[in-house]
Amino acid sequence: VRFLPAGDLAVLVEFDEEISVEVNTRVRALEFLIQQKGLPGVVETVPAFRSLLVYYDPRAVGYDALCASIAELSPQATTAVLPPSRLVELPCCYDDPELGFDLAAAARRLGLSTAELVKLHSDAEYLVYFIGFTPGLPYMTGMPDPLTIARLPTPRTKTPAGSVGIGGTQCCVYSVESPGGFWILGRTPLRLYDPAAPEPILLRPGDRVRFRATDRGEYDRIAARVDARAYVPVIT
Amino acid sequence: MRILDPGPQTTVQDLGRFGQLRYGIPPSGPVDGFAFVLANRLVGNPDGAAALECTLVGPRFEVSASCAVAVTGADMPVTVNGREAPGWTTLALRPGDTVKLGPARAGVRSYVAFSGGLEVPPVMGSRSTYLRGRLGGLEGRALRKEDRLRVVAAPPPRPWRVARRALPDYTGEPTVRVVLGPQADRFTQTGIDALLGSAYAMLPQSDRMGARLSGERITHARGHDIFSDGIALGSIQVPGDGQPIVLLVDRQSTGGYTKVATVCSFDVGRVGQVRPGQSLRFRALTVHEAHRLLRESDAVLEAGLREEIA
């Protein structure tokens, strides 16, 4: 690992320069070890693809001492130390053009039928590398190769929260309404970020995610229960 | 406390929401922590009591019970019932008193603390408002006319004021200290020299998420995109156009642009007080020098500020 100062309150711990499950797993394992050991002076941590940003209190620990204790932990940072990950089911309505407004166009572009595209997308299991950029937004891997697609030539200025999209080799679920260049295949009625809920964030780094295809009727029923705070997400 | 006129952006803040960046939620809290903490201390509060952050123009509000308030930060003219009152000073209010903060003559953000602190429900451990995420504070939004906020009852504090010599100067062209990196190696020497050798002007699009600056181009050595990583407080992100953005308390938790340097925590507040059109300069320190200056800045806050008043 390599240590790079990020001002006087944080240090960036970098692993190999690649995006892979292997490297990201080491990042999350290091984060877990730091939490578990309760390294003195550590305030909070932010995992990403191949780095961990460690916020610390320099009044409690010096830069060199902190880097040394992280360096000592890093060889143990492997899959073996991580607790079993959660599997989160996201219901997703693909077959309504009002929600999955790019489904047909994406299928044409990929040379698939919409049914094939939906099956490929919903049969896959995705891994959350990390959460970032906007509240609750997952950066995921695990998309089947045949779904690799160039991003939209003109990004949309507004994409509704819950939209499930693909772009490049990535699958994305919008946690808040935002601009973006993903092809929107469908929408989940669940809220990845809900500021009024007791637990505002649904997904966590390291979660596995599956999409379950629903029709519009079920989508609406789940959405109503989510509104009434009566829906319990399926997490195993 | 009742808001008669909210001003353009007045929010409830405490010291911030910590431990949530790994879920994409920024800390929020005051942009200028130094001024915020002093406002609370002036009314006898713990440093983290919830208070108001006001932007460019302050609010007008009325209190329905006796309490003390203090106004710090940007130089907004303060009046109580139409009569001029000093900033950086404990002010005792009686029921029915009206306080008004005018447009800032220097600086951008001012803080109004109330003895006892403002009572709003904590969300994820904090009362701070995160506007973009509609989280915390009063219903996750800026204050509006006729909003009512409860002030926690507290014994009247002993009045004092911050010593004149300790008052920050928000005019002129400040030099803010930075630590180079984490991605300084992605820039040319010419680019780094531009950052450390020229002045950058504040743009009006700046907000609590980031201070957007304009000046000499900070040139990249190889591309401006990186694999997204965490963004520290004060990170100076430089996208393809070579213009720096200093990321503040409502920043995105991660991002994919190179970051040439990071503003030291003790100077982040100063960046937040630079008005649109006003400019600033950067000077580089090592991490160890930054930690020494952080201790000095802590010491300034702890001692030598207090002037008792009758």
Side-chain angles (χ1 to χ4, degrees), chain A residues 2-14 17-19 23-24 27-28 31 35 43-55 57-59 62-64 67 129-139 175-176 178 192-205, chain B residues 17-27 123-124 130 132-136 139-140 177-185 226-236 247 251-256 259 261-268 285-295 297-298:
Chain A
R2 169 164 99 120
F3 296 93
L4 299 166
D8 58 334
L9 302 185
V11 57
L12 187 67
V13 186
E14 279 192 349
E17 190 168 359
E18 64 175 43
I19 296 182
V23 168
N24 176 258
V27 170
R28 286 183 289 104
E31 181 188 43
Q35 284 169 358
V43 177
E44 62 183 298
T45 48
V46 184
F49 288 117
R50 59 107 172 192
S51 64
L52 184 67
L53 185 64
V54 179
Y55 288 83
D57 179 359
R59 300 160 186 97
Y63 180 77
D64 299 322
C67 294
Y129 276 143
F130 65 99
I131 303 288
F133 196 65
T134 60
L137 179 81
Y139 284 69
S175 63
V176 294
S178 40
L192 273 58
Y193 171 63
D194 183 354
E199 283 195 35
I201 302 290
L202 178 61
L203 296 174
R204 303 175 192 162
Chain B
R17 182 173 287 110
F18 296 98
Q20 304 300 331
L21 278 162
R22 73 188 297 270
Y23 303 112
I25 298 180
V123 180
M124 299 174 113
Y130 169 36
R132 271 194 176 73
R134 299 190 192 124
L135 189 75
E139 300 164 2
R177 278 75 53 97
V178 304
V179 176
L180 288 176
Q183 283 100 31
D185 62 346
I226 52 168
F227 296 148
S228 281
D229 63 10
I231 298 179
L233 175 66
S235 279
I236 306 177
L247 292 157
R251 67 191 176 279
Q252 60 275 39
S253 61
T254 64
K259 296 167 288 292
T262 312
V263 175
C264 294
S265 58
F266 45 85
D267 277 347
V268 165
L285 304 176
T286 65
V287 178
H288 296 99
E289 286 168 333
H291 286 164
R292 188 174 52 75
L293 290 175
L294 175 65
R295 282 191 295 272
S297 133
D298 284 352

Honestly, the part of V287(B) sitting under 4.5 Å from a heavy atom of chain A is side chain

Cut-off 4.5 Å, heavy atoms of chain A, and the answer for I226(B) is neither

In terms of heavy-atom pairs under 4.5 Å with chain B, the winner among P138(A), P200(A), A10(A) is P200(A)

Separation between CG (L53(A)) and CG (L21(B)), nearest 0.5 Å, reads 8.0 Å

Is there a donor-acceptor contact under 3.5 Å from the side chain of Y193(A) to the main chain of I25(B)? no

Honestly, the part of Y63(A) sitting under 4.5 Å from a heavy atom of chain B is both

- Message: Can you confirm whether L12(A) sits close enough to Q183(B) that some side-chain heavy atom of one is under 4.5 Å from a side-chain heavy atom of the other?
- Response: yes

Greatest number of non-hydrogen atom pairs under 4.5 angstrom with chain B, of P205(A), G132(A), A48(A), P135(A), falls to P135(A)

Cut-off 4.5 Å, heavy atoms of chain B, and the answer for I201(A) is side chain

One option among V43(A), V176(A), D64(A), V11(A) has the most heavy-atom pairs under 4.5 Å with chain B, and it is D64(A)

Here the gap from Q252(B) atom CD to L137(A) atom CG, rounded to the nearest 0.5 Å, amounts to 12.0 Å

Distance col, row D57(A):CG vs L294(B):CG, nearest 0.5 angstrom, shows 8.0 Å

| Is it true that a side-chain atom of D8(A) and a backbone atom of S265(B) form a donor plus acceptor pair closer than 3.5 Å? | yes

The interface call for L52(A) against chain B, heavy-atom contacts under 4.5 Å, is neither

Honestly, the part of Y55(A) sitting under 4.5 Å from a heavy atom of chain B is side chain

Cut-off 4.5 Å, heavy atoms of chain A, and the answer for R177(B) is neither

Turns out that what part of D185(B) lies under 4.5 Å from chain A's heavy atoms comes down to side chain

The interface call for S51(A) against chain B, heavy-atom contacts under 4.5 Å, is side chain

Turns out that what part of L293(B) lies under 4.5 Å from chain A's heavy atoms comes down to neither

